[in-house]
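Just so we're on the same page: letters track the sequence lines, and every chain starts at 1. Heavy-atom basis, side chains included; hydrogens, waters and symmetry copies ignored.
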There are 2 protein chains.
Amino acid sequence: MSDLPQTMAFAPHDHAHCAGSGLARAEQIAAERGVRLTPVRRRALEILLEAHRAMGAYEVLDRLAADGFGNQPPVAYRALDFLVEHGLAHRIRRLNAFAACTRPGEAHSPAFFICTGCSTVAEAPGAAIRAAMDEAAAALGFAVARTSIEAVGTCPACRGAAA
Amino acid sequence: MSDLPQTMAFAPHDHAHCAGSGLARAEQIAAERGVRLTPVRRRALEILLEAHRAMGAYEVLDRLAADGFGNQPPVAYRALDFLVEHGLAHRIRRLNAFAACTRPGEAHSPAFFICTGCSTVAEAPGAAIRAAMDEAAAALGFAVARTSIEAVGTCPACRGAAA
DNA sequence: CCTTGACTTGTTATGATGTAACGTATCTCT
DNA sequence: AGAGATACGTTACATCATAACAAGTCAAGG
């Protein structure tokens with residue numbers, strides 16, 4: 001299987017801000033929805049935010065276990081599924097991995113760009129892409145619930161390096 | 001894991017035509033590219049075309065084995081990877097499944113619409129969606145090589161049934 | 001022809017990813 | 001405090017995928 005990504009963006013940015021505001025947003029969203037951001041769930045989100053890259057479920061599990069939570073797969077999958085369901089994290093299917101959402105709360109159909117050179121993943125707003133999908137769906141009479149929009153290719157840095 | 005799809009389109013169509021022309025196109029494409037459509041590869045494509053739905057690799061493997069080919073996973077994965085590489089089949093990541101391409105040879109970034117009600121999958125042209133993705137990628141300086149564009153939702157028939 | 005090198009196939013073995021099911025604990029509401 | 005819903009931890013297993021190696025096949029040049 002391919003290597004997991006190094007970061008969640010191609011450009012430098014205020015990483016500490018991501019993690020801090022991400023957790024705060026999560027608390028807020030959980031409260032709004034009347035769901036519980038329990039310790040495992042909260043810690044799973046922290047792990048994703050701190051790593052700031054896509055992580056496999058078993059990798060998250062290892063860290064949860066190290067923090068005293070259960071060490072069996074369902075522990076990680078349940079926490080991650082919760083995060084995905086509430087828009088706090090995304091599942092990146094080409095990588096069999098999960099990543100904290102960079103825009104929690106905002107309704108969005110994110111697009112992921114995965115570099116085959118350095119394994120970096122970027123999450124980009126996919127509103128325009130989603131609109132195009134909805135149009136194609138409408139032609140079929142299909143009602144879209146959720147989307148997986150992913151691309152593999154070469155990031156700016158790796159394009160430069162290859163030249 | 002979810003059930004595998006029942007068909008590859010929401011609407012009735014000339015199924016025999018799909019299978020027949022699919023194989024013919026495959027021969028042609030293999031010749032053009034100077035690659036070999038060997039017996040296993042050809043049979044794997046036939047299996048996908050005949051089934052006319054997305055199939056797991058192990059399901060394809062079972063049928064290959066029944067026809068006297070090897071019965072170990074790499075046999076199926078190699079044949080399927082070949083088909084995907086040459087645009088004769090697609091991999092549908094949300095389903096961990098493969099399906100014969102409905103438009104072999106035409107350059108396209110197909111979009112897949114997966115019904116959660118009846119497990120049917122439709123392949124639709126994704127040119128407009130791909131264009132939107134390329135635009136988003138350009139903003140990041142990212143060069144797109146391949147895309148995975150998939151949506152889950154409800155097909156026309158299941159929408160009607162639910163009402 | 002017949003060798004040589006690239007490609008293809010089959011096999012063994014193992015790794016990686018994901019779930020079902022069940023019992024216990026915890027929370028919330030009344 | 002009791003009842004029902006939710007969440008957690010565990011065992012066990014199902015499913016999906018690949019690495020590595022040996023043996024067979026093919027096409028092209030000597």
Side-chain angles (χ1 to χ4, degrees), chain A residues 1-5 26 30-31 33-45 47 54-86 88-99 119 148, chain B residues 1-5 26 30-31 33-45 47-48 54-86 88-99 119 148 152:
Chain A
M1 203 106 276
S2 47
D3 291 337
L4 287 177
R33 299 198 179 192
V35 296
R36 295 192 287 152
L37 189 63
T38 61
V40 221
R41 291 169 178 173
R42 184 189 171 92
R43 183 68 193 123
L45 179 56
I47 288 165
M55 297 177 75
Y58 279 69
E59 196 180 350
V60 173
L61 176 59
D62 284 346
R63 307 217 189 182
L64 288 174
D67 291 338
F69 296 100
N71 68 342
Q72 297 305 312
V75 170
Y77 280 102
R78 284 195 290 234
L80 291 167
D81 287 347
F82 171 90
L83 297 176
V84 169
E85 182 174 351
H86 294 289
L88 301 170
H90 299 295
R91 186 168 198 157
I92 302 171
R93 306 208 82 111
R94 279 195 93 109
L95 299 174
N96 293 323
F98 297 82
S119 295
S148 298
Chain B
M1 201 110 270
S2 47
D3 290 337
L4 286 176
R33 298 198 179 192
V35 297
R36 294 193 289 153
L37 189 64
T38 61
V40 222
R41 292 168 178 174
R42 184 191 171 89
R43 184 67 192 124
L45 178 57
I47 288 166
L48 291 179
M55 296 177 77
Y58 278 68
E59 195 180 350
V60 173
L61 176 59
D62 285 346
R63 306 218 189 182
L64 288 174
D67 290 339
F69 296 101
N71 66 343
Q72 298 303 312
V75 169
Y77 281 102
R78 283 194 291 236
L80 291 167
D81 287 347
F82 172 90
L83 297 176
V84 169
E85 181 174 351
H86 294 289
L88 301 170
H90 299 296
R91 185 168 199 157
I92 301 172
R93 306 206 87 108
R94 280 193 94 109
L95 299 175
N96 293 323
F98 298 82
S119 295
S148 298
V152 294

- Query: Quick one: side-chain contact (heavy atoms from CB on, under 4.5 Å) partners of A/R78, sequence neighbours excluded?
  - Reply: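 side-chain contact (heavy atoms from CB on, under 4.5 Å) check on A/R78 returns A/P74.
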Problem - Residues which pass side-chain contact (heavy atoms from CB on, under 4.5 Å) with B/V152, listed by chain and number, not counting sequence neighbours - result: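 B/V152 satisfies side-chain contact (heavy atoms from CB on, under 4.5 Å) with A/R146, B/R94, B/I114, B/T116 once adjacent residues are dropped.
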Rounded distance in Å - [atom1] ([X]) to [atom2] ([N]):
X     : N      : atom1 : atom2 : value
B/I92 : D/dA17 : CD1   : C1'   : 18 Å
B/D81 : C/dT8  : CG    : C1'   : 14 Å
B/L95 : C/dT17 : CG    : P     : 19 Å
B/Y77 : D/dC16 : OH    : P     : 7 Å
B/D62 : D/dC16 : CG    : C1'   : 13 Å
A/E59 : C/dT17 : CD    : P     : 9 Å
A/R33 : D/dT6  : CZ    : C1'   : 17 Å
A/L80 : C/dT17 : CG    : C1'   : 13 Å

Reading nucleotides 7-14 of chain D from 5' to 3' and marking B where a protein heavy atom lies under 4.0 Å of the base, S where only the sugar-phosphate is that close, and - otherwise, the string is SBBBB---
Task: Interatomic distance, A/I92 atom CD1 to B/R93 atom CZ [nearest 0.5 angstrom] - done: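 So the gap between those two atoms works out to 12.5 Å.
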| message | Measuring from atom CG of B/L88 to atom CG of B/L80, what distance do you get when rounded to the nearest 0.5 angstrom? | response |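 Answer for the CG-CG pair, B/L88 versus B/L80, is 11.5 Å.
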Name all residues meeting the side-chain hydrogen bond (donor to acceptor under 3.5 Å, both in side chains) criterion together with [X]; count only those two or more places apart in sequence or in a different chain, and write none if there are none.
X     : answer
B/R33 : B/H86
A/D81 : none
B/D62 : none

- Any side-chain N or O of B/N96 less than 4.0 Å from the OP1 or OP2 oxygen of D/dT15?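 So the side chain of B/N96 is outside the cut-off, no N or O lying under 4.0 Å from OP1 or OP2 of D/dT15.
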- Report the end-to-end axis angle of the helix from C/dC1-D/dG30 to C/dT30-D/dA1; each axis comes from five terminal pairs, and the value is rounded to 10°.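 Between the first-five-pair axis and the last-five-pair axis there is 30°.
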Practice prompt. Check salt bridge (charged side-chain N to carboxylate O under 4.0 Å, His left out) between B/R43 and all other residues, then give those that pass, not counting sequence neighbours.
Written response: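 Applying salt bridge (charged side-chain N to carboxylate O under 4.0 Å, His left out) to B/R43 gives B/E46, B/E50, B/D67.
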- Quick one: ring-ring contact (aromatic ring centres under 6.0 Å, His included) pairs with a partner in residues 56-81 of chain B, sequence neighbours left out?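 Of all non-adjacent pairs touching residues 56-81 of chain B, none passes ring-ring contact (aromatic ring centres under 6.0 Å, His included).
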